[in-house]
Amino acid sequence: MSVGCGEDVVDDGVEAPRPQPGVDVTHVRAEIALDPATLRLDATAALDVAHPDTLTRLRLGLDDALEVVTASVDGEPVLFWREADTLTVPLGRRADASRVEVAYRGVPAAGLYADEAAGQTVLYTDGWPDRTAGWLPAVHHPSDPATLDLTLDVPEAAEVVATGRAVGDSLAGGRRVARFVLDAPAPPYTWAFAVGDFTVTEQDGPVPIRHALLAADAALAARLDRTPEVIETLAAVLGRYPYETYATVQVPMAYAGMENATASFLRADLYGARAEGRNPIEEVNIHEVVHQWWGNAVVPADWRDLWLSEGAATYLTTEVYARLDGPTAGRRFRTLMAREISPNDAARRLVPATYDDPGDVLSATVYQKGGAVFHLIRLTIGNTAFFEALRQIQRDYADRPLSTRAFQAALEAEAGRDLGPLFERWVWGEGVPTLRTRWDAPTRTLSWSIAGDAGTLAGVPFELYVRQGDRSWFVPATDGVFTPDGDARPAVEPVGVLLTVERD
Ligand SMILES: [Zn+2]
């Protein structure tokens, strides 16, 4: 996802519910009939669930505004019960897998929306963190990804875009029935669909690429022209793209972007946005493309580990720009990454001790600080070990969730060194080290030193962005001293590393 909400973590010792131990939803097949005018749905879902053979009750998340009509386990009707947004289904026999089928209907309280954009009403889902429960029963947690077979039945005039590869689209009786298959697992919060009047532009790339834009904005697809190069660049960094297709979908959503599996949703009004020398919609798209590897294919073990997903997406966006547009572009984006975070968010632990709601974890801390820690790790262990570790994780964690501790261990195995001090200071620790700068006017000498980093920055080849009037330089921080041309005291910013800059 792009753009955090900036709320404070509620550190009150309460933790959001975890999935039941050993429960693994492996595949979901859903058939959903929708009335876009009322947001009413009438649906069935079949879940293939692996579980301990001692498990007697399976808990699934489902919006309590939806009525459950029937439930069955392995074809036998069962008496289910509801409590808030939890649907509990009894498992009658000793088995290590069950097929659970649920028929349900109603108007969800959250997760399914209709909003105006580009002169039309667009129906769309928005699932982070557990709002996919508004249209599908599942284990709504990042650690339980699954494959999906989704059939949507909508009025015939509408176009449907969804997670997965389109495998069927038929018209009958005034209705359109469209089917999508996601062949590789992704977490339920990344399952999504949108219904509207879309114009689709296709591109060739490492996989087939489609850009679904609201019809009035169709020409803006050109702003996403580099998507094939983005996917190729990330495949070179991270290994093969994990899915069979990629798409972007223009929707009037609240977040700037959402990394829905194989179908990133990008906020409608950003398509026309311009900024000096930048392409905002492309920046959001790159972030969401990174998530297809980090967040969707490799999933965080818990919401506490969200920085593994958001930090990677934030940091690797700067890496894509460095590779597509050159090292100076990479430096500019890394400088912005370190600049665009408040002192409070910078000081906060990357992995919260506890949280109440997953939304509490969503702040600039996991994005910008997370990205800065990825940069620091890279500079500390070197390019070869860093990128090889990322590729190794992509292979090793294709079928199990990645925790922060496991991430550290994978980096250490590749680098052949202990990263304990770095993780203690920057991941588990609070506060930000200080960069003390001094300016000696007579000799025009800028010098600096670092305090409070517990030695983690000693010898690390990060850079400082030094500006004096309209001139600027990228200077190795390890030099400790720099003499610019002019007489005015220069401004100093770290490139991609979080430091509080103080002037002596
Ligand atoms: Zn993100």
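Order of appearance sets the numbers: ligands from 1, and atoms from 1 within every ligand.
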Could you tell me whether any N, O or S atom belonging to Glu259 is less than 2.8 Å from the Zn ion (ligand 1)? no
Between the side chains of Arg334 and Glu463, is the shortest nitrogen-to-carboxylate-oxygen separation below 4.0 Å, so that they form an ion pair? no
What N/O/S atom of His287 is the closest to the Zn ion (ligand 1)? NE2
Applying the ring pair (Phe, Tyr, Trp, His ring centres under 6.0 Å) test to Phe193, which of Trp135, Phe180, Tyr124 qualifies? Trp135
Hey, does the Lys NZ or Arg CZ of Arg131 hover above the aromatic six-ring of Tyr255, less than 6.0 Å from the centre and inside 45° of the axis? no
Looking only at N, O or S atoms in Glu310, which is nearest to the Zn ion (ligand 1)? OE1
For Glu259 and Ser264, does a side-chain donor sit closer than 3.5 Å to a side-chain acceptor? no
Between Trp303 and Tyr189, does the ring centroid distance fall short of 6.0 Å? yes
Looking at the Zn ion (ligand 1), is one of the N, O or S atoms of Ser309 less than 2.8 Å from it? no
Taking the Zn ion (ligand 1) as the vertex, how big is the angle to NE2 in His291 and N in Met1, rounded to 10°? 90°
